[in-house]
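Below: one structure, written as structure tokens.
Just so we're clear, the structure is a prediction, and the values are computed from it rather than from any experiment.
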Amino acid sequence: MATQLDIIRRQAEAAARNAAARAEGNLRRDASLVNQASRWAGRTMAEGKAALRARSSGLRQSEGVSRETMATCAPPVSPAPDGYVRRSPVQPIHVMAGYRRRQVLRAVAVVVMLAAACVGVYLLNRLGVFGR
């Protein structure tokens, strides 16, 4: 039969074991290479987003890009496959000034980067980096 003092002693021992295990887990987590890499990646992402935000706001201010939109005509309504023609009014589409130009520049940049990556892989293959 356990006395009140035995119960209190066991609770104190369990609390001490739990505190030691918690401290050990925290130390192991802080010393983990994966955790450090995750923190560095998070910090880099945050700094990159801040730099990108600062750069984009600086470009907007320096170039004087307006946030105005221009209404464009909606494309003509074509009949549905079953012959139904929509008769409801269609709202004009508003496009920001320079939007299409930026989209084309982004597409060209993606194509150029893909071409550069392909050329890089080709050259590395010619040098025998990938092995034969």
Side-chain angles (χ1 to χ4, degrees):
M1 186 155 98
T3 64
Q4 190 70 21
L5 291 176
D6 289 337
I7 294 172
I8 293 173
R9 180 181 50 83
R10 281 191 225 133
Q11 287 177 345
E13 289 172 354
R17 279 194 306 270
N18 289 342
R22 192 176 316 111
E24 180 185 356
N26 288 339
L27 179 64
R28 189 179 304 125
R29 199 173 307 114
D30 290 341
S32 167
L33 293 177
V34 172
N35 191 25
Q36 289 178 5
S38 175
R39 279 189 300 221
W40 288 341
R43 189 178 313 131
T44 303
M45 289 295 291
E47 290 171 358
K49 285 180 183 178
L52 184 63
R53 210 175 299 121
R55 181 176 160 219
S56 66
S57 67
L59 285 176
R60 280 193 197 117
Q61 292 170 358
S62 64
E63 290 180 5
V65 175
S66 66
R67 307 272 307 162
E68 293 181 20
T69 60
M70 299 170 30
T72 59
C73 296
V77 179
S78 59
D82 62 356
Y84 175 76
V85 179
R86 181 178 176 188
R87 302 268 186 229
S88 60
V90 178
Q91 295 179 346
I93 300 171
H94 291 271
V95 179
M96 195 174 347
Y99 172 75
R100 302 223 188 276
R101 180 175 174 264
R102 283 195 308 272
Q103 291 297 90
V104 168
L105 289 175
R106 283 182 187 151
V108 168
V110 167
V111 169
V112 168
M113 291 182 70
L114 286 174
C118 290
V119 168
V121 168
Y122 173 76
L123 291 176
L124 289 174
N125 192 25
R126 295 286 289 169
L127 291 173
V129 172
F130 297 121
R132 293 187 185 230

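Once rounded to the nearest 0.5 Å, the distance linking CE of M45 with CG of L52 reads 10.0 Å. Rounding to the nearest 0.5 Å gives a distance of 14.0 Å between CZ of R17 and CD of E24.
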List, one per line, each side-chain donor-acceptor pair under 3.5 Å for residues 34-42, sequence neighbours excluded.
from: N35; atom 1: ND2; to: R29; atom 2: O; distance (Å): 2.9

Open item on the list: For a salt bridge (Lys or Arg N to Asp or Glu O under 4.0 Å) check, start with the C-alpha distance between E47 and R43, then their side-chain angles and the critical distance, and finish with the verdict.
Closed with: CA-CA 6 Å; E47 290 171 358; R43 189 178 313 131; 5.3 Å; no
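The nearest pair of heavy atoms linking F130 to V121 is CE1-O, 3.7 Å.
In this structure, a donor-acceptor pair under 3.5 Å is present between the side chains of R106 and Q103.
Qualifying side-chain hydrogen bond (donor to acceptor under 3.5 Å, both in side chains) partners for R101, counting only residues two or more places apart in sequence or in other chains: none.
V119 and Y122 fall within a single hydrophobic cluster, where Ile, Leu, Val, Met, Phe, Trp and Tyr are joined by side-chain heavy atoms under 4.5 Å apart, directly or via other members.
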